Amino acid sequence: QVQLIESGGGLVQAGGSLRLSCAASGRTLSRYAMGWFRQAPGKEREFVAAMSRSGGNTYYVDSVKGRFTISRDNAKNTVVLQMDSLKPEDTAVYYCAAGPTAQNMAFIGRTDYWGQGTQVTVSS
């Protein structure tokens with residue numbers, strides 16, 4: 001079992017930045033690909049970013065490419081999503097996720113564990 005706890009959400013103006021962190025307990029994060037998903041009101045949960053177990057491969061949804069950066073520190077069992085140039089359409093609950101591969105996470109949404117989510121609100 002892996003427990004994932006997100007932090008760092010909040011309210012920010014358009015063009016601003018937020019840094020989301022995901023801390024894991026239980027099994028070591030190095031066993032898993034890690035990623036972030038989000039769910040806006042009235043919409044389905046969507047993939048945002050993923051990173052392979054080694055950190056060598058990353059995937060992003062087109063709408064955040066060039067603005068968001070995923071990183072991980074396996075020694076500290078943490079994953080970070082740095083979000084820059086935020087837009088109102090980025091407003092959502094953001095979820096940390098762990099799964100077998102980053103590619104599966106990105107293309108078919110395959111995950112094994114979810115965090116409880118953290119709210120990100122971007123005002124115009």
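Remember, it's a predicted structure, so these values are computed and weren't measured experimentally.
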All pairs passing salt bridge (charged side-chain N to carboxylate O under 4.0 Å, His left out) where residues 98-119 contributes a residue, at least two apart: R110-D112

Just how far is it from atom CG of L29 to atom CZ of R72, taken to the nearest 0.5 Å? 6.0 Å

List in chain and number order the residues that pass side chain to side chain donor-acceptor pair (under 3.5 Å) with S25, two or more places apart in sequence or in another chain; answer none if no residue qualifies. Q3

Across all chains, not counting sequence neighbours, the side-chain contact (heavy atoms from CB on, under 4.5 Å) partners of S71 are V80

With sequence neighbours left out, what residues match A49 under side-chain contact (heavy atoms from CB on, under 4.5 Å)? Y60, I70, L81

P88 and S124 have their tightest heavy-atom pair at CG-CB, 3.9 Å

Just grab all the disulfide (SG to SG under 2.5 Å) pairs involving residues 23-70, residues at least two apart or on different chains. none

Kindly write out the residues that satisfy side-chain contact (heavy atoms from CB on, under 4.5 Å) with S54, not counting sequence neighbours, or none if the list is empty. S52

Run the side-chain contact (heavy atoms from CB on, under 4.5 Å) test against T28 and tell me which residues pass, sequence neighbours left out. S30, R31, N77

Residues A50 and M105: closest non-hydrogen pair is CB-SD, 4.0 Å

Shortest non-hydrogen contact from V93 toward Q119: CG2-OE1, 3.3 Å

Using the test side chain to side chain donor-acceptor pair (under 3.5 Å), find all partners of E89 that sit at least two apart in sequence or belong to another chain. none

Under 3.5 Å, side chain of T111 to main-chain N/O of G99, donor-acceptor pair present? no

Could you tell me which residues satisfy side chain to side chain donor-acceptor pair (under 3.5 Å) with K65, sequence neighbours excluded, listed by chain and number? D62

Point-to-point distance, once rounded to the nearest 0.5 Å, from OH of Y95 to CZ of R45: 4.5 Å

Are V64 and M83 side-chain neighbours, meaning at least one heavy-atom pair lies under 4.5 Å? no

Atom pairs and distances, side-chain donor-acceptor, residues 7-24, under 3.5 Å, sequence neighbours left out:
residue, atom, partner, partner atom, Å
S17, OG, D84, OD1, 2.7
R19, NH1, Q82, OE1, 3.4

Measuring from N57:CG to Q103:CD, what's the distance to the nearest 0.5 Å? 8.5 Å

Distance-only, no hydrogens or angles: does the E6 side chain make a donor-acceptor pair with backbone N or O of Q116 under 3.5 Å? yes

Write out all pairs satisfying ring-ring contact (aromatic ring centres under 6.0 Å, His included) with one or both partners inside residues 25-45, taking only residues at least two apart or from two chains. Y32-Y113, F37-F47, F37-W114

For D90, the side chain to side chain donor-acceptor pair (under 3.5 Å) test, sequence neighbours excluded, returns R38, R67

